[in-house]
Amino acid sequence: MMKTNFFEMVYEVVKLIPKGRATSYGAIANYLGTGRSARMVGWAMNAAHNLYDVPAHRVVNRNGQLSGKNHFENPRRMEELLESEGIHVSNDQIENFDKVFWDPNLELAI
DNA sequence: TGGCTGACTTTCG
DNA sequence: ACGAAAGCCAGCC
């Protein structure tokens, strides 16, 4: 995908995350080519939460922790959304993150 | 124009 | 093994 804006690229990747799956900021950053700038992905989410219809709850840090839950309208919302999609969350962390992890580099053809 | 910031990640001490 | 610090880059004062 050749988007002019970094944000839109992030949004598209996040939208492509299958239901019941989750990915990490670093994975998206790596897919976009920004590499180590995983912080920007999270920052893009911050800008996206109201402007675009992006399932930001499917994006967590590399440990599967809901690091961005505080940036939702209600911190509980992120966990509820994940649970509603079949992803079990325990103590603000995704269970079996190895299984639900969805790597854009692996699943998407560049 | 220049510097600060950030929902991360990795590495050094 | 745990804690602190740097690295990364695009938007926003």
Side-chain angles (χ1 to χ4, degrees):
Chain A
M1 49 183 69
M2 303 288 279
K3 290 292 183 178
T4 54
N5 290 340
F6 178 85
F7 281 14
E8 294 189 6
M9 295 179 69
V10 177
Y11 304 151
E12 290 219 7
V13 175
V14 175
K15 286 179 182 177
L16 289 174
I17 300 174
K19 184 179 179 181
R21 296 296 194 95
T23 189
S24 67
Y25 301 97
I28 297 175
N30 186 26
Y31 175 75
L32 295 180
T34 51
R36 302 164 189 173
S37 300
R39 297 194 294 185
M40 286 220 39
V41 178
W43 183 42
M45 296 283 94
N46 186 23
H49 71 84
N50 258 339
L51 304 176
Y52 294 80
D53 183 21
V54 178
H57 57 279
R58 294 179 187 159
V59 183
V60 294
N61 65 2
R62 74 180 195 99
N63 295 320
Q65 291 181 316
L66 280 55
S67 51
K69 65 173 187 173
N70 266 335
H71 293 262
F72 280 74
E73 300 177 9
N74 192 335
R76 196 72 183 179
R77 185 66 186 278
M78 187 172 185
E79 181 177 341
E80 287 180 357
L81 289 170
L82 289 172
E83 290 283 353
S84 68
E85 295 185 354
I87 300 177
H88 297 283
V89 179
S90 175
N91 194 14
D92 295 338
Q93 184 167 343
I94 297 177
E95 295 182 358
N96 300 323
F97 186 59
D98 305 352
K99 295 181 182 177
V100 298
F101 180 70
W102 181 83
D103 190 350
N105 294 287
L106 189 64
E107 304 292 341
L108 299 178
I110 302 176

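What you are looking at is a predicted structure, and each value in this text was computed from that prediction instead of being measured. In what follows, every chain begins at residue 1, and chains take the letters A, B, ... in the order their sequences are listed.
Applying the ring pair (Phe, Tyr, Trp, His ring centres under 6.0 Å) definition to pairs two or more places apart or across chains, those involving residues 79-99 of chain A are A:Phe97-A:Phe101. Among pairs with a residue in residues 40-50 of chain A, none fulfils salt bridge (Lys or Arg N to Asp or Glu O under 4.0 Å), at least two apart in sequence or across chains. The salt bridge (Lys or Arg N to Asp or Glu O under 4.0 Å) pairs that include a residue from residues 50-68 of chain A are A:Arg58-A:Glu85, where partners are two or more places apart or lie in different chains.
The shortest distance between side-chain heavy atoms of A:Val10 and A:Val54 does not fall below 4.5 Å. Side-chain contact between A:Thr23 and A:Pro104 is present, with at least one heavy-atom pair separated by less than 4.5 Å.
Between A:Arg39 and A:Phe7, the residue anchored closer to the 5' end of DNA chain C is A:Arg39, taking for each the nucleotide with the nearest heavy atom.
Within residues 62-71 of chain A, the residues that have a heavy atom under 4.0 Å from DNA chain B are, in order of number, A:Arg62, A:Ser67, A:Gly68, A:His71. For the segment residues 78-90 of chain A, no residue has any heavy atom less than 4.0 angstrom from an atom of DNA chain B.
Bounding nucleotides for the chain A contact on DNA chain C, 5' to 3', at a heavy-atom distance below 4.0 Å, are C:dG7 to C:dG11. Nucleotides of DNA chain B lying under 4.0 Å from heavy atoms of chain A occupy a range whose first and last members, 5' to 3', are B:dG6 to B:dT10.
In this structure A:Lys99 satisfies the side-chain contact (heavy atoms from CB on, under 4.5 Å) test together with A:Asn96, sequence neighbours excluded. For A:Asp92, the side chain to side chain donor-acceptor pair (under 3.5 Å) partners are A:Lys69, not counting sequence neighbours. Take A:Trp102 and apply the ring pair (Phe, Tyr, Trp, His ring centres under 6.0 Å) test, not counting sequence neighbours, and it matches no residue.
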task = Tell me, with the steps shown, if A:Asn63 and A:Ile94 meet side-chain contact (heavy atoms from CB on, under 4.5 Å).
result = CA-CA 8 Å; A:Asn63 295 320; A:Ile94 297 177; over 6 Å; no
ask   = Which is it for A:Asn30 and A:Asp103 under the side-chain contact (heavy atoms from CB on, under 4.5 Å) test, yes or no, and what are the steps along the way?
value = CA-CA 10 Å; A:Asn30 186 26; A:Asp103 190 350; 5.9 Å; no
request  = Evaluate the side-chain contact (heavy atoms from CB on, under 4.5 Å) criterion for residues A:Val14 and A:Met45: first the C-alpha distance (whole Å), next the side-chain angles of each, then the deciding distance (0.1 Å), finally the verdict.
outcome  = CA-CA 9 Å; A:Val14 175; A:Met45 296 283 94; 3.7 Å; yes
Extract all donor-acceptor atom pairs below 3.5 Å that involve side chains of residues 74-82 of chain A and protein atoms in other chains or at least two apart in sequence.
residue: A:Asn74; atom: OD1; partner: A:Arg76; partner atom: N; Å: 3.2

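The line from OG of A:Ser84 to NE2 of A:His57 is 6.0 Å long, rounded to the nearest 0.5 Å.
Where DNA chain B pairs in unbroken runs of 3 or more (Watson-Crick or G-U, both distances under 3.5 Å), the stems are B:2-6 with C:9-13, B:8-13 with C:2-7.
By the rule that hydrophobic residues join a cluster once side-chain heavy atoms approach within less than 4.5 Å of another member, A:Met40 and A:Val59 end up as members of one cluster.
In this structure, A:Asn46 reaches the bases: a heavy-atom distance under 4.0 Å links it to at least one base atom across the strands shown. Nucleic acid contact class of A:Ala47 (heavy atoms, under 4.0 Å, all strands): none.
Ring planes of A:Phe7 and A:Trp43: perpendicular class, angle over 60° (limits at 30 and 60°).
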